[in-house]
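What follows is a set of notes on a single structure, which appears directly below.
Reminder, nothing fancy here: chain letters follow the sequence lines and each chain counts from 1.
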2 protein chains.
Amino acid sequence: MTGTPPTLAALTTYLLSKTGKAARGRLAAHLSGEGLRLWHMAVLAALADFGPQAQRDLAARLVIDPSDMVKVIDELAAADCVERARDTADRRRVRVALTPAGRDRLAALTARAEAVQDEVLAPLDAADRATLHALLLRVHEALPAGPE
Amino acid sequence: MTGTPPTLAALTTYLLSKTGKAARGRLAAHLSGEGLRLWHMAVLAALADFGPQAQRDLAARLVIDPSDMVKVIDELAAADCVERARDTADRRRVRVALTPAGRDRLAALTARAEAVQDEVLAPLDAADRATLHALLLRVHEALPAGPE
DNA sequence: ACCCATCATTGGTGTCAGCCTACAATGGGC
DNA sequence: GCCCATTGTAGGCTGACACCAATGATGGGT
């Protein structure tokens, strides 16, 4: 079966959307096996890369609604991946920090993500993957921050 | 603000997912202005590329649930983009065909899609876009058909 | 001391995509 | 003629996602 209509396959954005969705879907499937969603991984990554943060700053950085961030942090805290502590200087703020367990969890998740990546990018050799990554990075950096 | 955590930006699949979502979102926004969704465009493209089809074959080709296909065709028919006709040989089947109006509509939509593409791929020159497209095409073709 | 802004939190809304069941009409094997 | 498979159709359910309003605690300016 010819599968995809050539009119669509000719659009780079279509391929981008389709392959991106495939990648996201696969990773999400793996994560849901552990009771996690993609936002959980994003939060863990942000904490690992940028250190402990006020909840609000985390939400702003990841461009997620603060009220949704609460739930994500709730679940991460329930899994001992994250610790909440009132900021002693400004007691309105809650400082969120990665626990050792959280760091391990993140390592395991990135390993899974790389496995998914190997699967999705199977037809490309190392050089191809590098150029693809570089191109996408340029596109991504030029994208406006928000979802729109 | 540093925006994206490096741990995530290092994953090609993350960039793929993010840029793909951006592209899809922008095009969807344009389409919704005309009361259409992405599936409508996909169906129009499939009809233009492969000719009139039984509804079931269309659904199988695009990997969409037949019951959802009904609604998409309903809306396309209401907009005079598509014609339904019972197959005279097998009266269970419905042959769906593109109308001239539908063909025009598709041309307008692909023009919009290319405009969105120009916007998203702004940081890349023509050569970069060509290599990106070629790489994505290889990845896409290697992807299994279904969503999983 | 007072007023307003900020922060985390709760809870609710709307949308959308994907999926699954039931059903009526039709076709085709036997 | 009978039984089962196929096709289009209708309807509803679910999970994810984004967004928004209200509230209680706190901070800080004046």
Take the protein atom CD of A:Q55 and the nucleotide atom P of C:dT10, then report the distance between them rounded to whole Å. 10 Å
Using a 4.0 Å heavy-atom cut-off, does B:V70 contact any base of the nucleic acid, only the sugar-phosphate backbone, or nothing at all? base
Check the distance between D:dT7's P and B:R95's CZ and give it to me in whole angstrom. 17 Å
When the distance from CZ of A:R24 to C1' of C:dA17 is rounded to whole Å, what number comes out? 12 Å
Check nucleotides 12-14 of chain C for protein N or O atoms closer than 3.5 Å to its own N or O atoms and list the pairs.
none

Can you check whether B:R93 has a side-chain N or O nearer than 4.0 Å to OP1 or OP2 of D:dA5? no
Would you say that A:M41 contacts A:T110 through its side chain, given a criterion of any heavy-atom pair below 4.5 Å between the two side chains? yes
Separation of B:E75 atom CD from D:dA10 atom P, in whole Å? 12 Å
Using the 3.5 Å cut-off, write out each protein N or O paired with an N or O of nucleotides 25-28 of chain D and the distance between them.
residue, atom, partner, partner atom, Å
D:dT26, OP1, A:R91, NH2, 3.2
D:dG27, OP1, A:R91, N, 3.1
D:dG27, O4', A:R92, NE, 3.4

Can you pull the side chain to side chain donor-acceptor pair (under 3.5 Å) pairs that have at least one residue in residues 130-139 of chain A, sequence neighbours excluded? A:R138-B:D128
D:dG15 C1' sits how many Å from A:L31 CG, rounded? 15 Å
Only counting residues at least two apart or in another chain, list the ones meeting side chain to side chain contact (heavy atoms under 4.5 Å, CB included) with B:S17. A:R24
Round to the nearest Å and state the distance from B:D65 atom CG to C:dA22 atom P. 15 Å
Residues at least two apart in sequence or cross-chain that pass side chain to side chain contact (heavy atoms under 4.5 Å, CB included) with A:A28, listed by chain then number, are A:L38
Across all chains, not counting sequence neighbours, the side chain to side chain contact (heavy atoms under 4.5 Å, CB included) partners of B:D104 are none
Whole-Å distance, B:M69 CE to C:dA17 P, equals 14 Å
Taking atom P of C:dC7 as reference, at what distance in whole Å does atom CD1 of A:I73 sit? 15 Å
Under the side chain to side chain donor-acceptor pair (under 3.5 Å) test, residues paired with A:S67 that sit two or more places apart: A:D65
Just to verify, what does B:R103 make a side chain to side chain donor-acceptor pair (under 3.5 Å) with, not counting sequence neighbours? none
Residues in side chain to side chain donor-acceptor pair (under 3.5 Å) contact with B:R105, at least two apart in sequence or another chain: B:E34
How would you list all residue pairs meeting side chain to side chain donor-acceptor pair (under 3.5 Å) that involve residues 40-53 of chain B, not counting sequence neighbours? A:T7-B:D49, B:H40-B:E75
Can you list, in residue-number order, the parts of residues 36-47 of chain B that come under 4.0 Å of DNA chain C, counting heavy atoms only? B:R37, B:W39
Using distance alone, with no hydrogens and no angle criterion, decide if A:Q55 and A:R95 have a side-chain donor and acceptor under 3.5 Å apart. no
Could you pull out all residues at least two apart from A:D80 that satisfy side chain to side chain contact (heavy atoms under 4.5 Å, CB included)? none
